[in-house]
S.K.: 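First the structure, then my questions, so here it is.
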Amino acid sequence: MGVTHLSTKTSRGTPSPKTKKTFYITTPIYYPSDKLHIGHAYTTVAADAIARYKRFKGFDVRFLTGTDEHGQKIERRAKEAGKTPQQFVDEIVAGIKDLWSLLRISYDDFIRTTERRHIEVVQDVFEKILKKGDIYKSEYEGWYCVPCETFWLERQLEDGKCPNPDCRRPVELVREESYFFKLSKYQDKLIRYIEENPDFIKPASRRNEMLNFCKSGLEDLCVSRTTFNWGIPVPGDPKHVVYVWFDALTNYISALGYGRDGEEFRKYWPADLHLVGKEIMRFHTIIWPIILMALDLPLPKQVFGHGWLVLEGGKMSKSKGNVIDPVVLVDKYGVDAVRYFLLREVPFGSDGYYSEEALKGRINSDLANDLGNLLHRSLGLVERYWDGRVPTPQAGDTSMADYAREVVKKYEEAMDGFLLSDALTTVFSLVTRCNKYLDEEAPWAKMPRGEEAAASTVLYNVLESVRIVAGLLVPFLVETPEAIWTQLGIDESPRGKRWEEVVAWGGLKPSTRTRKAGPLFPRIEIRTQDAHPSTEGGAGEAGSELIDIERFKELDLRVAKVTAAEAVSGSKKLLKLQLDVGDGIGQRQVVAGIAKHYKPEDLVGKYVVLVANLKPAVLKGIRSEGMILAASHGEDCLRLLTVDGEIPPGSGIS
RNA sequence: GGCGGCGUAGCUCAGCUGGUCAGAGCAUGCGGUUCAUACCCGCAGUGUCACUGGUUCGAAUCCAGUCGCCGCUACCA
């Protein structure tokens with residue numbers, strides 16, 4: 001493609017086309033023992049946005065992700081599934097790649113630690129360091145649990161026994177030969193490096209932690225295992241396999257062909273950014289740099305430890321059943337809504353809260369109300385008053401142009417520090433400014449007064465701002481920017497165009513025929529679920545809306561037997577009930593607002609109707625796990641629903 | 001236990017080296033508008049800036065202590 005015009009203004013950090021600077025960014029390689037969840041998606045989407053931004057800015061980007069496929073856990077999971085480890089991981093990796101394609105992750109390379117290209121480099125690296133003397137053979141002493149086939153550290157034991165809750169059997173002290181890596185030798189060098197390079201570890205709080213850890217003294221690291229086979233054999237000593245982190249971390253250079261053809265390695269190493277979750281900072285800022293030091297290789301320029309998406313109910317875990325599957329979210333809300341939420345909600349290095357309500361809130365308030373509606377209303381005006389053509393601005397009002405320029409500047413600052421959430425906040429401040437500007441200038445009022453020139457300027461300024469907004473969203477969203485440009489009547493896509501051209505004011509040509517379409521982001525109706533678990537509230541608006549059977553089925557109604565009841569102190573209305581809901585559900589505690597109508601002792605033994613899948617609530621400090629149903633008529637009349645005869649507690653109601 | 005951090009409007013949080021620092025967004029209420037996806041715009045809040053002392057002319061901002069919460073404290077990825 002012929003680049004004909006010279007860049008008029010070279011933004012900071014933007015290389016000219018001739019001397020294209022490189023940018024190498026990595027995600028962690030994920031462990032394919034299970035499907036990935038929203039947390040993995042978060043890391044990868046963030047890396048993707050950074051990679052897209054850097055490409056936008058003209059960098060020669062290399063974006064690497066992959067999978068870390070060895071280790072005991074995989075070996076076990078495969079066995080349980082009756083598969084070979086390789087078969088097992090192949091299937092999961094296929095699913096991971098599908099997820100990345102669903103989320104439109106623009107990785108340049110996907111490395112798997114079971115690939116030959118990786119195995120060879122790991123063995124090469126191991127051998128080099130061994131020869132150098134920084135890996136040495138010694139004895140590993142540990143407590144071994146024979147039934148569990150697992151080594152434990154002294155401090156992991158519980159009462160000197162196996163800490164596995166299903167085991168708790170005595171362990172035996174075992175010595176075995178192992179390879180050790182001399183972390184201790186490089187301790188001071190690493191400390192100095194971290195101290196002299198304040199940007200090496202981000203954010204600063206993590207940097208301090210890591211520095212602290214180093215200063216407390218590094219022990220040599222055991223880098224081989226003999227207790228399982230699913231790993232890379234130690235060269236020349238195949239009863240050992242290479243320790244997981246030594247294997248995994250090496251992916252960052254094996255993917256570049258370190259020690260082989262070498263060209264890509266020379267081009268892209270050292271990495272500009274390893275983006276990782278805060279939980280694996282230590283491996284990336286201590287073990288990995290020391291491996292590189294032992295190889296006499298330069299260290300990555302930055303390791304950024306991002307925070308987690310925290311769920312309301314605590315950390316995501318399979319046992320809690322609260323694992324959020326990104327595929328489900330994308331199917332439900334669309335890829336751009338999910339990407340937007342992930343990148344907007346979690347600021348800098350801190351944690352962010354995930355809930356579906358928060359996700360819907362973001363979609364509605366930012367994407368639908370502010371951005372989508374802005375485009376919709378301004379194109380509506382263009383259709384009504386300008387016959388669907390971009391109006392011609394008059395000189396004079398530069399307020400929006402000035403504001404947009406300011407936004408672009410702040411956006412660049414945020415992005416250059418990888419502050420994705422801040423960058424998005426800035427972009428949306430321009431959207432908000434546009435909405436306000438439209439209201440202030442009210443072009444729909446100017447037109448009837450014959451102030452067409454002024455109104456044209458206003459509309460142009462808004463449309464042009466929206467054009468730039470779409471451009472700034474290119475790294476974050478994968479469909480919306482082009483959708484906006486299309487509606488603005490621009491035939492090109494903002495993606496792949498040069499940054500300077502996209503963000504320069506005045507790109508939108510007057511007279512362009514616009515193509516207004518449906519809402520960019522439809523509002524999501526948030527069903528207001530009354531979490532009040534008492535029986536108050538009565539009938540509500542009867543007959544206001546018809547529902548289908550599926551909607552009704554969402555309720556889990558059960559017969560429950562009242563086993564105990566007592567008044568709630570400090571409340572005239574509330575009773576605390578213990579319910580027997582059968583074998584399936586068991587005991588439930590419910591707080592019900594029926595004290596004015598029932599005495600506790602009259603309730604015990606009654607069969608009532610429980611909404612079993614209502615979100616738990618806390619009333620007067622007492623947890624209520626559902627609600628029981630009652631009919632009421634005015635203030636004074638309330639009767640509990642019950643069943644017409646004997647039926648086992650827990651029986652379903654339909 | 002050791003080191004570090006946090007505790008500011010209902011919610012999520014900004015507030016760097018002390019003097020418009022008492023703020024933003026969301027939620028709430030009221031008003032405006034009706035070009036628009038019940039949208040947008042404006043106004044209004046309430047806050048003992050965890051608690052107790054201290055330094056200072058003056059502290060959310062510095063110091064000490066108390067209470068509460070969180071992170072790190074290595075061989076599980």
Side-chain angles (χ1 to χ4, degrees), chain A residues 28-34 67-74 140 142 150-153 155-156 178 180-181 183 203-225 243-248 277-283 286-287 305 307-308 310 344-353 355 357-358 361-362 364-385 421-422 425 428-429 431-432 434-447 455 458-459 462 516 518-525:
Chain A
I29 50 176
Y30 302 109
Y31 201 63
S33 62
D34 282 302
T67 42
D68 170 23
E69 307 185 2
H70 292 123
Q72 193 165 26
K73 191 168 169 188
I74 297 268
Y140 182 87
T150 307
F151 271 98
W152 302 103
L153 293 174
R155 52 178 189 81
Q156 292 177 304
S178 267
F180 284 83
F181 179 42
L183 293 185
S205 53
R206 300 289 156 204
R207 176 170 178 266
N208 291 337
E209 284 175 7
M210 294 307 121
L211 213 40
N212 244 323
F213 183 84
C214 290
K215 287 178 176 171
S216 71
L218 297 182
E219 293 167 23
D220 291 350
L221 178 75
C222 176
V223 290
S224 70
R225 292 294 132 96
Y243 166 63
V244 284
W245 278 105
F246 214 91
D247 174 353
K278 62 184 184 179
E279 74 283 3
I280 51 173
M281 281 303 268
R282 206 177 59 228
F283 306 104
I286 294 170
I287 299 177
W308 290 339
V310 183
R344 172 59 231 267
E345 201 68 11
V346 184
F348 201 24
S350 42
D351 291 345
Y353 289 94
S355 71
E357 291 316 305
R362 280 288 171 212
N364 280 348
S365 69
D366 295 0
L367 298 177
N369 294 351
D370 292 351
L371 175 61
N373 184 51
L374 172 63
L375 179 70
H376 203 246
R377 71 191 293 211
S378 40
L379 289 181
L381 288 166
V382 169
E383 285 197 340
R384 179 181 297 202
Y385 295 108
S421 177
D422 290 2
T425 304
F428 276 78
S429 76
V431 173
T432 298
C434 283
N435 274 319
K436 184 173 173 167
Y437 179 68
L438 267 181
D439 278 18
E440 285 168 352
E441 300 297 330
W444 53 89
K446 283 189 162 74
M447 287 306 281
V458 170
L459 248 293
V462 168
K516 182 168 180 278
L520 279 180
F521 294 93
R523 281 179 62 80
I524 295 157
E525 291 316 314

S.K.: Within the structure shown, what part of the strands sits under 4.0 Å from A:F213 by heavy-atom distance: base, sugar-phosphate, or nothing?
M.R.: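 If one applies the 4.0 Å heavy-atom cut-off, A:F213 turns out to touch a base.
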
S.K.: Starting from C1' on B:U73, measure out to CD1 on A:I286 and report it in whole angstrom.
M.R.: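 Atom-to-atom, A:I286 to B:U73, this comes out as 11 Å.
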
S.K.: Give me the stems containing RNA chain B, sorted by first residue, counting only three or more consecutive Watson-Crick or G-U pairs with both distances under 3.5 Å; say none if there aren't any.
M.R.: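 Stems for RNA chain B, defined as runs of 3 or more consecutive pairs: B:1-7 with B:67-73, B:10-13 with B:23-26, B:28-32 with B:40-44, B:50-54 with B:62-66.
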
S.K.: Under 4.0 angstrom, heavy atoms only, what part of the nucleic acid is A:K73 near: base, sugar-phosphate, or nothing?
M.R.: nothing

S.K.: A:Y385 near the nucleic acid: base, sugar-phosphate alone, or nothing, with a heavy-atom cut-off under 4.0 Å?
M.R.: nothing

S.K.: Would you measure the distance from the C1' atom in B:U20 across to the matching atom in B:U66 and give it in whole Å?
M.R.: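 Looking at atom C1' only, B:U20 and B:U66 are 33 Å apart.
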
S.K.: Under 4.0 angstrom, heavy atoms only, what part of the nucleic acid is A:L438 near: base, sugar-phosphate, or nothing?
M.R.: nothing

S.K.: Summarise protein proximity over nucleotides 22-32 of chain B in one line of letters, 5' to 3': B for base, S for sugar-phosphate only, - for none, counting protein heavy atoms closer than 4.0 Å.
M.R.: -----------

S.K.: Among B:C75, B:C41, B:A77, which nucleotide sits nearest the side chain of A:R225?
M.R.: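 Between B:C75, B:C41, B:A77, the one nearest the side chain of A:R225 would be B:C75.
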
S.K.: Among B:G71, B:C40, B:A77, which nucleotide has an atom closest to any side-chain atom of A:R206?
M.R.: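 So the side chain of A:R206 is nearest to B:G71.
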
S.K.: If you check every side-chain atom of A:N373, which of B:A77, B:U33, B:C39 has the closest atom?
M.R.: B:C39

S.K.: Find the distance A:N369:CG to B:C39:P and express it as a whole number of Å.
M.R.: 5 Å

S.K.: Under 4.0 Å, heavy atoms only, any strand: does A:D247 hit a base, just the sugar-phosphate, or nothing?
M.R.: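 No contact.
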
S.K.: Taking CZ from A:F180 and C1' from B:C75, how many angstroms apart are they, rounded to a whole number?
M.R.: 9 Å

S.K.: Under 4.0 Å, counting only non-hydrogen atoms across every strand here, what does A:T67 touch: a base, just sugar-phosphate, or nothing?
M.R.: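 Counting heavy atoms under 4.0 Å across all strands, no contact is made by A:T67.
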
S.K.: Please list each protein N or O that sits under 3.5 Å from an N or O in nucleotides 2-13 of chain B, with the distance.
M.R.:
{"unit_1": "B:C3", "atom_1": "O2'", "unit_2": "A:N212", "atom_2": "ND2", "d": "2.8"}

S.K.: Among B:A77, B:U73, B:U37, which nucleotide sits nearest the side chain of A:L520?
M.R.: B:U37

S.K.: In whole Å, what is the span from the CD1 atom of A:I287 to the P atom of B:A74?
M.R.: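 Whole-Å distance recorded here is 12 Å.
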
S.K.: Which whole number of Å gives the distance between the P atom of B:A22 and that of B:A59?
M.R.: 13 Å

S.K.: What's the CH2-C1' distance between A:W308 and B:A77, to the nearest Å?
M.R.: 13 Å

S.K.: Taking side chain to side chain contact (heavy atoms under 4.5 Å, CB included) as the definition, give me every residue that meets it alongside A:D439, ordered by chain and number, with sequence neighbours left out.
M.R.: A:R377, A:W444

S.K.: Can you measure A:Y30 atom OH to B:A77 atom C1' for me and round it to whole angstrom units?
M.R.: 13 Å

S.K.: Of the candidate nucleotides B:A77, B:C40, B:A74, which contains the atom at the shortest distance from the side chain of A:N435?
M.R.: B:C40

S.K.: Mind checking side chain to side chain contact (heavy atoms under 4.5 Å, CB included) for A:R344 and listing every partner two or more places apart, or none if nothing turns up?
M.R.: A:Y340, A:R362, A:D366, A:S421, A:L424, A:T425

S.K.: Counting side-chain heavy atoms from C-beta on, which of B:A74, B:U37, B:A77 comes nearest to A:V244?
M.R.: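 Nucleotide nearest to A:V244's side chain: B:A77.
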
S.K.: For RNA chain B, which residues in residues 375-384 of chain A have a heavy atom at a distance below 4.0 Å?
M.R.: A:H376, A:R377, A:L381, A:R384

S.K.: How is A:G217 classified with respect to the nucleic acid when contacts are heavy atoms under 4.0 Å: base, sugar-phosphate, or nothing?
M.R.: base

S.K.: Looking at A:K436, I'd like to know whether one of its side-chain N or O atoms comes within less than 4.0 Å of OP1 or OP2 on B:G42.
M.R.: yes

S.K.: Hey, does A:G71 reach any base, or is it just sugar-phosphate, or nothing, if we go heavy atoms under 4.0 Å?
M.R.: nothing

S.K.: Of the options B:A77, B:A74, B:C35, whose atoms approach the side-chain atoms of A:W444 most closely?
M.R.: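 That would be B:C35.
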
S.K.: Under 4.0 Å, heavy atoms only, any strand: does A:E219 hit a base, just the sugar-phosphate, or nothing?
M.R.: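 Base, at least one base heavy atom under 4.0 Å.
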
S.K.: How many whole angstroms separate atom CZ of A:F283 from atom P of B:C76?
M.R.: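 That distance rounds to 8 Å.
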
S.K.: I need the CG-P distance between A:L371 and B:A36, as an integer number of Å.
M.R.: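 Rounded to the whole Å, the gap is 18 Å.
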
